[in-house]
Number of protein chains: 2
Amino acid sequence: MRLSTKAQYAVRAMVSLHLHGTGAPVSLRDIAVREEISLQYLEQLFSKLRRGGIVDSVRGTGGGYVLARTATDIRVDEIIDSVEETLVPVSCMDDSGRCSCSEQCVTHNVWQGLAEGIRGYLASYTLDDLTRQAQTKWSGPSA
Amino acid sequence: MRLSTKAQYAVRAMVSLHLHGTGAPVSLRDIAVREEISLQYLEQLFSKLRRGGIVDSVRGTGGGYVLARTATDIRVDEIIDSVEETLVPVSCMDDSGRCSCSEQCVTHNVWQGLAEGIRGYLASYTLDDLTRQAQTKWSGPSA
DNA sequence: AAATTAATTGACAGTTTTACTCAGGTATGA
DNA sequence: TCATACCTGAGTAAAACTGTCAATTAATTT
């Protein structure tokens with residue numbers, strides 16, 4: 001059960017954007033160099049992050065990307081959602097826990113609980129938490 | 001981030017084995033029919049479950065598989081481990097949380113926390129819990 | 001206005017993983 | 001010795017992943 005590199009890169013890139021941003025737009029070239037991610041792959045990711053309402057884009061010279069909201073208001077699960085990676089561990093279940101097989105399926109409860117736990121944990125982390133680094137473990141950043 | 005069908009089938013098959021077992025070995029054919037999983041795919045899975053110490057095999061006529069331990073002593077995470085699906089969400093990290101990039105990697109803590117949470121949650125479920133069905137959500141079977 | 005920077009888009013391709021099937025072989029009980 | 005059922009390794013089609021390439025649009029600087 002692996003997160004795709006797409007999701008991992010997206011989170012890393014967002015941290016990089018927040019960490020080295022001064023308010024002025026940060027170009028993908030900068031992030032690409034700093035994080036050693038291909039510029040063209042980043043373009044794909046940020047296109048989705050923009051559509052997801054996580055970042056805003058500024059075109060032209062001196063352009064780049066800026067956060068669409070404050071870092072304390074951007075949750076890690078939202079970043080992953082934006083690049084279209086599911087956080088639900090089984091394919092028969094949707095985000096809300098609905099499942100075609102929920103009646104007859106004895107394993108339904110484990111997967112639903114797992115899905116909620118993963119979602120809840122990643123939702124407890126904000127972009128700002130990540131940059132501040134002082135996190136505890138499973139209980140999330142607040143504990 | 002999806003669990004493979006391999007892991008899902010393994011858990012379902014184990015529940016089926018426990019639920020319909022009377023102490024006597026249960027043949028894979030029975031499980032295959034009941035769970036609508038290909039017999040030959042099941043053979044692959046149970047070969048791994050046996051090596052993982054989850055089940056014991058009985059060969060010959062009237063043979064099949066039996067639990068290697070009591071159902072209260074078989075955890076869901078062990079079942080998944082046996083069929084060789086990782087529960088660690090990022091490839092740079094091993095089961096113990098060690099990571100080549102832990103120093104420079106700002107996202108390390110989230111992934112480690114997530115890994116521990118997933119592991120901890122699935123470890124809180126036993127095969128017996130699953131068959132008894134009366135589970136609560138994220139807090140696991142004990143709450 | 002022209003040149004430059006940088007976001008934006010869609011198509012495409014190589015590689016890896018997944019989810020199986022197939023074809024045998026081995027051990028046991030009736 | 002025959003039927004049952006476990007056991008093993010190889011092979012394969014499809015899907016997903018991880019990017020690259022090419023071309024365009026928009027804004028800024030000169």
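Since we're looking at a predicted model, the values are computed, not measured. Convention: sequence-line order gives letters A, B, ...; per-chain numbering from 1. Reckoned from all heavy atoms, side chains included, excluding hydrogens, waters and symmetry mates.
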| query | Going by heavy atoms closer than 4.0 Å, what residues in residues 60-70 of chain A are next to DNA chain D? | reply |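 A:G60, A:T61, in order of number.
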
Tell me: [atom1] of [X] to [atom2] of [N], nearest whole Å?
X	N	atom1	atom2	answer
A:F46	C:dT9	CZ	P	15 Å
A:I31	C:dA6	CD1	P	12 Å
B:L45	C:dT18	CG	P	13 Å
B:R29	D:dA3	CZ	P	14 Å
A:L42	C:dT9	CG	P	16 Å
B:E36	C:dC20	CD	C1'	16 Å
A:L49	C:dT8	CG	C1'	14 Å
A:R2	C:dT18	CZ	C1'	15 Å

Between the main-chain N or O of [Y] and the side-chain N or O of [X], is there a donor-acceptor pair closer than 3.5 Å?
X	Y	answer
A:E85	A:K6	no
B:D94	B:G97	yes
A:E35	A:Y9	no
B:E78	B:I54	no
B:H20	B:S16	yes
A:Q8	B:V90	no
B:R12	A:T107	no
B:R2	A:V88	yes

Look at the side-chain N and O atoms of [X] and state whether any lies under 4.0 Å from the OP1 or OP2 oxygen of [N].
X	N	value
B:S27	D:dT4	no
B:S47	D:dC6	no
B:R50	D:dC7	yes

| said: Please determine whether side-chain hydrogen bond (donor to acceptor under 3.5 Å, both in side chains) holds for the pair B:T70 and B:D73, giving the CA-CA distance in whole Å, both sets of side-chain angles, and the decisive distance to 0.1 Å. | reply: CA-CA 5 Å; B:T70 66; B:D73 202 36; 5.2 Å; no

| message | Given the structure, check if the side chain of A:R59 and the base of D:dT25 hold any donor-acceptor pair shorter than 3.5 Å. | response | yes

| note | Contact string for nucleotides 15-23 of chain D, one letter per nucleotide 5' to 3', B = base within protein heavy-atom range under 4.0 Å, S = sugar-phosphate only, - = neither, reads ---SBBB--

